[in-house]
Visitor: 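After the structure tokens below, expect a handful of questions from me.
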Amino acid sequence: MGRIYNFSAGPAVLPEEVLKEVAGEMLDYKGTGMSVMEMSHRSKAYEEIIKGAEQDLRDLMNIPDNYKVLFLQGGASQQFAMIPMNLMKNKVADYIVTGQWAKKAYQEAAKYGKANKIASSEDKTFSYIPDCSDLPISEDADYVYICENNTIYGTKFKTLPNTKGKTLVADVSSCFLSEPVDVTKYGIIYGGVQKNIGPAGVVIVIIREDLITEDTLPGTPTMLQYKIHVENESMYNTPPAYGIYVCGKVFQWLKNMGGLSVMKERNEEKAAILYDFLDQSELFKGTVCKEDRSLMNVPFVTGNDELDAKFVKEAKAAGFENLKGHRTVGGMRASIYNAMPKEGVIALVEFMKKFEAENK
Ligand SMILES: *Cc1c(COP(=O)(O)O)cnc(C)c1O
């Protein structure tokens with residue numbers, strides 16, 4: 001059985017080289033006589049895995065020493081609560097709402113303090129990124145929050161908001177490691193790994209040291225305190241050990257590929273193939289503002305629900321999986337993460353051309 005082209009938004013395609021490598025190590029990881037799945041997280045072999053993964057991530061993203069790297073659980077969604085619980089000293093935070101994930105984070109924060117929606121693109125179904133050059137940032141805001149790449153709608157912040165000196169917190173779940181970032185511009189960068197890095201079950205949090213304090217909101221569970229996880233080097237309890245191991249393999253794969261600037265070039269090239277086609281197609285069209293287009297998630301429609309459904313069905317039969325748009329938006333969405341080969345995008349565009357010719 002061959003592999004299909006998987007355009008899922010998440011859990012998503014992983015590099016075939018990595019899958020083969022972990023398969024090869026499944027029964028006997030480097031002479032230990034066991035799988036990483038069966039291994040104590042306190043063992044020497046596992047310590048090397050998690051330490052190695054952290055170091056490779058630090059190298060890839062050029063993470064300064066005054067930032068900690070955590071491998072946690074609970075998905076990106078748990079961070080929606082963990083962030084306010086740990087950072088809301090003044091109980092005020094400003095949220096830029098550019099999609100469902102940002103909206104959920106905003107609603108969650110409102111449980112713990114004053115969450116201000118300082119900008120939103122909901123008026124046009126989140127199809128653009130609002131101008132964030134001069135926002136009404138609250139004087140006493142503990143942080144400003146964004147979802148940097150909007151997985152469902154297919155938009156991305158091309159420039160970070162002007163936070164007027166306030167700490168920036170970013171959910172980068174669906175653009176993690178897709179291009180170089182300047183870590184120093186953020187207080188927290190976090191993301192669930194199941195979009196662009198590894199298997200579901202791991203969330204990576206990169207957090208600046210001064211934000212790690214004992215001074216959390218009253219009643220914050222031990223498991224939701226950054227300080228506890230930092231002090232225990234992500235091993236306060238059993239970490240999602242196998243998932244972290246696979247993430248480590250992906251970090252090595254990215255290094256071998258040439259790092260994040262090479263990934264950026266590749267991702268730009270792949271996205272251009274699809275967007276260029278959409279821009280000249282008479283049947284398909286992209287759904288978001290051109291300047292704000294994501295390199296990772298590409299939503300498109302025909303404008304006719306029946307034709308959309310027909311396209312998804314025929315595409316599936318031809319080996320292009322998971323092209324159905326998010327249940328809240330409809331249409332189609334092709335997620336073209338790091339591990340999607342250029343050939344996959346070219347093949348998809350060829351298929352779309354054929355479909356267009358047949359359904360004029
Ligand atoms: C998928 C996604 C989430 C939710 O992730 P979970 O790990 O399922 O909680 C949050 N933010 C963004 C940007 C996402 O793409």
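Because the structure is predicted, anything quoted here is derived from the model rather than measured. Counting starts at 1 for both ligands and their atoms, in listed order.
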Visitor: Does A76 have a non-hydrogen atom less than 4.0 Å from ligand 1?
Guide: yes

Visitor: Cut-off 3.5 Å, side chains only: do N267 and K264 have a donor facing an acceptor?
Guide: no

Visitor: Check this for me - ligand 1, D171, N or O atoms closer than 3.5 angstrom, yes or no?
Guide: yes

Visitor: Output the list of atoms in ligand 1 that are nearer than 4.0 Å to some heavy atom of G75, sorted by atom number.
Guide: 7 (O), 9 (O)

Visitor: I'd like to check which ligand 1 atoms, numbered from 1 as shown, lie under 4.0 Å from a non-hydrogen atom of T151.
Guide: 12 (C), 13 (C), 14 (C), 15 (O)

Visitor: Number the atoms of ligand 1 from 1 as they appear, then name those within less than 4.0 Å of a heavy atom of S173, with their elements.
Guide: 11 (N), 12 (C), 13 (C), 14 (C), 15 (O)

Visitor: Quick one: sort the Y95 and Y145 rings into parallel, tilted or perpendicular, breaks at 30° and 60°.
Guide: parallel

Visitor: So for atom NZ, which belongs to K44, do other residues, nucleotides or ligands contribute more than 12 heavy atoms lying within a distance under 6.0 Å?
Guide: no

Visitor: Which of these passes side-chain hydrogen bond (donor to acceptor under 3.5 Å, both in side chains) with T155: D292, N297, N150?
Guide: N150

Visitor: Out of W101, F80, Y190, who is nearest to atom 3 (C) of ligand 1 when you count heavy atoms only?
Guide: W101

Visitor: If the plane angle is over 60° it's perpendicular, under 30° parallel, otherwise tilted; pick one for F311 and F300.
Guide: perpendicular

Visitor: Once the angle between the rings of F80 and W101 is folded into 0 to 90°, is it parallel (under 30°), tilted (30 to 60°) or perpendicular (over 60°)?
Guide: tilted

Visitor: Would you say the side-chain atoms of E25 and Y245 include a donor-acceptor pair closer than 3.5 Å?
Guide: yes

Visitor: Applying a heavy-atom cut-off of 4.0 Å, say which part of K195 lies close to ligand 1: side chain, backbone, both or neither.
Guide: side chain

Visitor: Quick one: nearest non-hydrogen protein atom to atom 9 (O) of ligand 1, plus distance?
Guide: S77 OG, 2.6 Å

Visitor: Determine whether any heavy atom of Q79 lies closer than 4.0 Å to an atom of ligand 1.
Guide: no

Visitor: Using a 4.0 Å cutoff against the non-hydrogen atoms of Q194, which atoms of ligand 1 qualify?
Guide: 5 (O), 6 (P), 7 (O), 8 (O)

Visitor: When you compare the side chain of Y190 with that of I83, does any pair of heavy atoms fall below 4.5 Å?
Guide: yes

Visitor: Under 4.0 angstrom from ligand 1, any heavy atom of C147?
Guide: yes

